[in-house]
2 protein chains.
Amino acid sequence: MATLTTINGEIKELCNFPLEPELIAEIDSSSKIMIVERDELFVKEGDQMDMIPLLLKGTVRCFYKDYDLDREILYYYAQPGESCLFTYFSMFDDHKSKVFAVAEKRTKILMVPREQVMEWHTKYKSWNKFMVNSYIKRYMDLLDGLKKAGLSKIEDRVIDYLDKKSDRVRSKSIKTTHKFIANDLGTTREVISRTLHHLENKNYLIRERGKILLKN
Amino acid sequence: MATLTTINGEIKELCNFPLEPELIAEIDSSSKIMIVERDELFVKEGDQMDMIPLLLKGTVRCFYKDYDLDREILYYYAQPGESCLFTYFSMFDDHKSKVFAVAEKRTKILMVPREQVMEWHTKYKSWNKFMVNSYIKRYMDLLDGLKKAGLSKIEDRVIDYLDKKSDRVRSKSIKTTHKFIANDLGTTREVISRTLHHLENKNYLIRERGKILLKN
DNA sequence: AAAATTAGGTGACTTTTGATACAAAGTTTT
DNA sequence: AAAACTTTGTATCAAAAGTCACCTAATTTT
């Protein structure tokens, strides 16, 4: 279960440019740190969002459930220094999450009360810059995904997917299943199995049960 | 050629919630209105962006040129009350446009100096809200595009494309060519011709040279 | 240990899309 | 009006991806 601890100066990890000391003090006094374990579902669709999560360490898989198609659609993997964009968006309408969020590994999250997130925008230039940068990054990522989806064949998309995952987990050994990859890429298990087989023949990786080892 | 005129209270058209009177006064004194004619290319890749365009009337087609693939990739159609998001993004790095922008029809644009756009974020709550809403809309559109690209066949994508275009031009009669649609959807002319033929058989539209008439 | 569940393998088939090639009709330029 | 260009029609072929069916192997539960 997720645990909440108080914060003690860990905010420096938050972003790569200086934050106003006053802002840091405000974060310190108003925000909490939450630790989420691997595979823990910590935001569900419909959850009332009174705090906006900002990633300090770890990765979060953000997805949406399409009830018509009875499928999960991957939105993005949030990384340290990023906010959960969708939760942030929810502040502008009904304060309810439109997405599910699951930790890909043990993850440390800064929880900032909604009111402050809004207030700080006009109060601190650095906060505004941080949020906008976060937004730009997400937008560009999405655009990249769109281009890849439209222009590449699955083989390339699988390679791209595995490379990114390998970067996130900082390992050439990826623990996952064919079904899971298929879900993230919006295709079927058979297609992924076939593709991974080809990639093994091309000496790009080694398949094991529940695991993929990237070569190179 | 684009013309610049001074502004006189047209800012109300800008967005659907009230703006601070001080902000309106600032817009009035610092911004200019530009009229762009149909099919006019008014932002080129690499252009120095000292002013951020905000659409008042009309539509702008925003695209990027992939020199590797020698193809244009459609990013979005900007509508009244929206900023040209990519131009805005450019403020955060080298101030150069990464995109091309062409008016889809006669378009009225508010040009706001870069410095003010940044300053107003922290100065006026309504401005911040306006810009963030603009992001959200763009992001959601993109997401929609991604879902469509991944889950639908071209027939559905063509229908969606034509419906949206019809909304924008406020007419069931759409002036366009098969080649143009193919470009926007990232496919080839033949595929679009074939698809439109099917859609005509299904009584969804009527094909004419350089024109498509939507039924229903 | 037997049964059930989960992960993965693979062949055969279908659908969709893209590529190629050429024809024909409509428009614009000369 | 002839020539050149643009737009559209269409047939054929190939490749890629999704579907179906059924099988094997590993792992977990009972």
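Residue numbering restarts at 1 for every chain, and letters A, B, ... go by the order of the sequence lines. For the numbers below, each heavy atom of this structure counts, side chains included, while hydrogens, waters and symmetry mates do not. What you see is a predicted model; the values in this text were computed from it and never measured.
Under the 4.0 Å criterion applied to side-chain N and carboxylate O atoms, Arg61(A) and Asp184(A) are assigned as salt-bridge partners. Using a 4.0 Å cut-off between a side-chain N of Lys or Arg and a carboxylate O of Asp or Glu, Lys98(A) and Asp93(A) qualify as a salt bridge. Ion pairing of Arg106(B) with Glu37(B) is present here, as a side-chain N (NZ or NE/NH1/NH2) and a carboxylate O approach within less than 4.0 Å. Ion pairing between Asp144(B) and Lys164(B) holds under the 4.0 Å rule for side-chain N and carboxylate O.
Under the 6.0 Å distance and 45° angle rule, Arg168(A) counts as a cation-pi partner of Tyr77(A).
In this structure, Ser134(B) contributes its side chain and Phe130(B) its backbone to no donor-acceptor pair below 3.5 Å.
Remark: Leu162(B) CG to Asp167(B) CG distance equals 11.0 Å, nearest 0.5 Å.
Following rounding to the nearest Å, Leu199(B) (CG) and dT8(D) (P) show an atom-to-atom distance of 15 Å. One can place CG of Asp156(B) at 14 Å from C1' of dT15(C), the figure rounded to the nearest angstrom. Atom NE2 of His198(B) is separated from atom C1' of dT8(D) by 15 Å (rounded to the nearest Å).
Phe86(A) and Phe63(A) have their aromatic ring centers separated by at least 6.0 angstrom.
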Please tabulate, one pair per line, each protein N/O and nucleotide N/O from nucleotides 16-18 of chain C that are separated by under 3.5 Å, including the distance.
unit_1  : atom_1 : unit_2    : atom_2 : d
dT16(C) : OP1    : Lys153(B) : NZ     : 2.7
dT17(C) : OP1    : Ile154(B) : N      : 2.8
dG18(C) : OP2    : Thr187(B) : OG1    : 2.5
dG18(C) : N7     : Arg194(B) : NH2    : 3.4
dG18(C) : O6     : Arg194(B) : NH2    : 3.3

I'd like to compare against my own output: the B/S/- annotation of nucleotides 4-9 of chain C with a strict under-4.0 Å heavy-atom distance to protein. --BSBB
